[in-house]
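Working notes, structure below.
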2 protein chains.
Amino acid sequence: MNQDPILKPEVILEHAARYCAEHGSKLTTKRRQVLASLITSKKALSAYDLAEASRHGAEATLLPMSVYRILRFLQSIGLVHRLATANKYVACAHIACDHAHTTPQFLICKICSDVKEVGVANSIIDSIASAAETTGFRLLNDQLELECLCSECAVPELGA
Amino acid sequence: MNQDPILKPEVILEHAARYCAEHGSKLTTKRRQVLASLITSKKALSAYDLAEASRHGAEATLLPMSVYRILRFLQSIGLVHRLATANKYVACAHIACDHAHTTPQFLICKICSDVKEVGVANSIIDSIASAAETTGFRLLNDQLELECLCSECAVPELGA
DNA sequence: CCAAAAAATGTTACATTATATCATTGCGCA
DNA sequence: TGCGCAATGATATAATGTAACATTTTTTGG
């Protein structure tokens, strides 16, 4: 779940701080801590994972309630995505590249929660949206989640 | 979440019973009861909704644990789909039409849980799968879930 | 028909994910 | 300085889901 160009977490966090400011809020120490965990983690993490992580070498210990609050805030301005199919959270892959992106599509490894965020071609979203329209439903969705196996977990039953 | 042609629940349940038999299992009274609730319901239901429903006028009262077990069984043979983004369950829309269908795509009303199941064009699934392949992920997904507003809930803020 | 095996269900306990609510702290700004 | 709002702390509880083992029901082979 890393950023597009390979940037250091601190660089990404600075972009995030600026991004918060644009939304009239601040990237407080604890928000920064949660976001940093997600940026550094290769895998999607649950709120309780993040709370647990805060108890090892982090600046502050966070209770789950605080983690949820912080995640909600980070989501609200688009720095974090919630993966509904996994009940886990990831940092947006485009924090440092000034947004204006296509609909995100998350490839989620069923086994290890490794996540890749890729863009969905507009043509695909358009077909999907128009299929929905014909049934009277209006598409709200701003992300697609797909159950996958990552390359490591896909290694087939060697010697099975 | 109704069946393609408009059929009576009993007719659909008979198809389901036959379908179970083909899989070497049986549509017991309680499985039938759960499936009937889902078929009759216009909306997706949670396991606890189904347990609750079993306490009003149904033949048997079901504990949540039983409901989960029954849902897992019905899913395993394809009579029921779980909507991961909503933590709810729906009857397959094609129980009575002898399967061989395309990947299902669920349009889920964010507000009222009304669900429409439509087929996804193979071309779309193919593009998605190949996009996944290029990142080293193998697509497992056998369904797409899309957050929508149904025609009733989409009525815009009249007089707001 | 009966006993042993398998399938289905009952029951209790518990794990995980998430929200509600009210108290407290920190911080900008008049 | 102190008012007011944003952020966080703290506790309780709700909602969703699984584990594990006991019991009942059904099937099946002798």
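Hydrogens, waters and symmetry mates are skipped; everything else that's a heavy atom, side chains included, is used. Note that this is a predicted model, so its numbers are computed, not measured. In what follows, chains carry the letters A, B, and so on, assigned in the order in which the sequence lines appear, proteins first and then strands, with residues in each chain numbered from 1.
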**Message:** Does C:dC27 have OP1 or OP2 under 4.0 Å away from a side-chain N or O of A:K26?
**Reply:** no

**Item:** A:K30 side chain near D:dG9 phosphate (N/O to OP1/OP2, under 4.0 Å)
**Value:** yes

**Asked** So does A:S66 get a side-chain nitrogen or oxygen closer than 4.0 Å to the phosphate oxygens (OP1/OP2) of D:dT8?
**Response** no

**Message:** Check this for me: A:E152, atom CD, are more than 12 non-hydrogen atoms of other residues, nucleotides or ligands nearer than 6.0 Å?
**Reply:** no

**Fill in**
note: A:M65, atom CE; C:dT19, atom C1'; distance rounded to Å ~ 6 Å

**Item:** Residue mapping more 5' on DNA chain D - nearest nucleotide basis, A:G24 or B:Y89
**Value:** A:G24

**Message:** Checking the side chain of B:R31 only, and the main-chain atoms of B:K26 only, is there a donor and an acceptor separated by less than 3.5 Å?
**Reply:** yes

**Item:** For atom CG of A:L74 and atom P of D:dA7, their distance in whole Å
**Value:** 11 Å

**Message:** Test your reading of the model: is there a side-chain donor-acceptor pair from A:Q143 to the backbone of A:R82, 3.5 Å cut-off?
**Reply:** yes

**Request:** May I have the distance from A:Q33 (atom CD) to D:dT8 (atom P), rounded to whole angstrom?
**Result:** 11 Å

**Prompt:** Are any of the side-chain heavy atoms of B:L79 and B:C20 separated by less than 4.5 Å?
**Reply:** yes

**Message:** Output the rounded distance in Å from OH (B:Y48) to C1' (D:dA14).
**Reply:** 10 Å

**Asked** To the side chain of A:Y68, which of D:dA10, C:dT17, D:dA19 is closest?
**Response** C:dT17

**Asked** Got a donor-acceptor contact below 3.5 angstrom from the B:T40 side chain to the B:A36 backbone?
**Response** yes

**Message:** Heavy atoms within less than 4.0 Å of DNA chain D: which residues of residues 81-88 of chain A have one? Give them sorted by number.
**Reply:** none

**Asked** Between B:K88 and B:V115, is any pair of side-chain heavy atoms under 4.5 Å apart?
**Response** no

**Prompt:** Is B:Y68 reachable from B:L27 through a run of hydrophobic residues whose side-chain heavy atoms are each under 4.5 Å from the next?
**Reply:** yes

**Prompt:** In whole Å, what is the span from the CG atom of A:D49 to the P atom of C:dA15?
**Reply:** 16 Å

**Request:** Calculate the interatomic distance between A:H23 atom NE2 and D:dA7 atom P; express it in whole Å.
**Result:** 13 Å

**Message:** For a quick test of reading the model: is some side-chain N or O of B:T28 closer than 4.0 Å to OP1 or OP2 of C:dT9?
**Reply:** yes

**Message:** Go nucleotide by nucleotide along DNA chain C from the 5' end; which of B:R31 and B:L63 gets its closest nucleotide reached first?
**Reply:** B:R31

**Message:** Expressed as a whole number of angstroms, how long is the span from B:L62:CG to C:dG10:P?
**Reply:** 7 Å

**Item:** For atom CZ of A:R69 and atom P of C:dT21, their distance in whole Å
**Value:** 13 Å

**Residue closer to the 5' end of DNA chain D, B:A47 versus A:A60 (nearest nucleotide)** = A:A60

**Message:** With a 4.0 Å cutoff (strictly under), does any side-chain N or O of B:R72 reach OP1 or OP2 of D:dT18?
**Reply:** yes

